[in-house]
Amino acid sequence: MQLQVARIGKPHGIRGEVTVQVLTDAPGDRFVPGTEFVVEPASAGPLTVSSARWNKDILLLGFEEIETRNDAETLRGAKLFIETEELDEDDDEGWYEHELVGLEARVGSQVVGKVAALNTMPVQDLLVVTTPGGEEILIPFVEQIVPEVNIEEGFVLLTPPDGLFELNADQDAGTDPESKA
């Protein structure tokens, strides 16, 4: 089974290093020199870690296959996966992004969209839900707002506070240049 452990961000410096959004609880174990990652899109990989270091709170990775900043720029947005059989099925600590993407988002019995992504943030994670109208709504991934995740039946149950969906829609409308008076 493949497990996503990072998403590549922007290049850092001129020697091909990149910033990464860490999606694992064990970065010290996952990002060691010599580790080979399966990459999505496949045309960008596989990639082998040559260096890993922290710059403040940001992990910087160097890869054997990437030597210049221009090469690193082509990796922006790529996803890094490892092959693993370590998944503990009894682990109720949380969910991986690949388990959540594609699930229906429901408020009661009404389907309000589909989970498009999981953004892991320093304070709390956010579910990205795409509505049937194509809008992206950011939902705090906390038990009070997402009380149920049912992988088997293919849905997440939401109990959003009043105005959460409208607030996101209003922000989109506010950026329309014709809406200015």
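Both backbone and side-chain heavy atoms feed into the values below; hydrogens, waters and symmetry mates do not.
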(request) Would you indicate whether the side-chain heavy atoms of Phe155 and Leu103 approach each other to under 4.5 Å? (result) no
(request) For Phe37, enumerate each residue passing the ring pair (Phe, Tyr, Trp, His ring centres under 6.0 Å) test, keeping only those at least two apart in sequence or located in another chain. (result) Phe31
(message) Rounded at 0.5 Å granularity, tell me how far CG in Leu127 sits from CG in Leu118.
(response) 6.0 Å
(request) Taking the side chain as every heavy atom from C-beta outward, state whether Val112 and Ile137 have any atom pair closer than 4.5 Å. (result) no
(message) Quick check: closest heavy atoms across Ala6 and Val20, and the distance to 0.1 Å?
(response) CB-CB, 4.3 Å
(request) Calculate, to the nearest 0.5 Å, the distance between atoms OG1 and CD1 belonging to Thr35 and Ile82 respectively. (result) 8.5 Å
(message) Taking salt bridge (charged side-chain N to carboxylate O under 4.0 Å, His left out) as the definition, give me every residue that meets it alongside Glu148, ordered by chain and number, with sequence neighbours left out.
(response) none
(request) Check whether any side-chain heavy atom of Glu64 sits under 4.5 Å from a side-chain heavy atom of Pro33, and report yes or no. (result) no
(message) Counting C-beta onward and ignoring hydrogens, is there a side-chain heavy-atom pair between Val149 and Phe141 closer than 4.5 Å?
(response) yes
(message) Is any side-chain heavy atom of Leu61 closer than 4.5 Å to one of Leu80?
(response) yes
(message) If you define the side chain from C-beta out and look only at heavy atoms, does anything of Val128 sit under 4.5 Å from Leu138?
(response) yes
(request) Please report the closest heavy-atom contact between Leu75 and Ala44, naming both atoms and the distance. (result) CD2-CB, 3.8 Å
(message) Can you list everything that forms a salt bridge (charged side-chain N to carboxylate O under 4.0 Å, His left out) with Arg15? Sequence neighbours excluded, please.
(response) none
(message) Would you compute the distance between atom CZ of Arg69 and atom NZ of Lys10 and round it to the nearest 0.5 angstrom?
(response) 8.5 Å
(message) Any heavy-atom pair between the side chains of Val39 and Phe63 that's under 4.5 Å?
(response) no
(request) Find out whether Val18 and Leu60 are in side-chain contact, i.e. whether some heavy atom of one side chain is under 4.5 Å from a heavy atom of the other. (result) no
(request) Say whether, by atom type as modelled, one donor and one acceptor occur between the side chain of Gln21 and the main chain of Gly9 under 3.5 angstrom. (result) no
(request) Could you list the residues that satisfy side-chain hydrogen bond (donor to acceptor under 3.5 Å, both in side chains) with Arg53, not counting sequence neighbours? (result) Glu17
(request) Using side-chain hydrogen bond (donor to acceptor under 3.5 Å, both in side chains) as the criterion, list what pairs up with Asn150, not counting sequence neighbours. (result) none
(request) Could you list who else is in Ile14's hydrophobic cluster, with ILVMFWY side chains joined at under 4.5 Å, directly or through other members? (result) none
(request) Quickly, which of Ile139, Leu100, Leu157, Thr159 forms a side-chain contact (heavy atoms from CB on, under 4.5 Å) with Val146? Name it, please. (result) Ile139
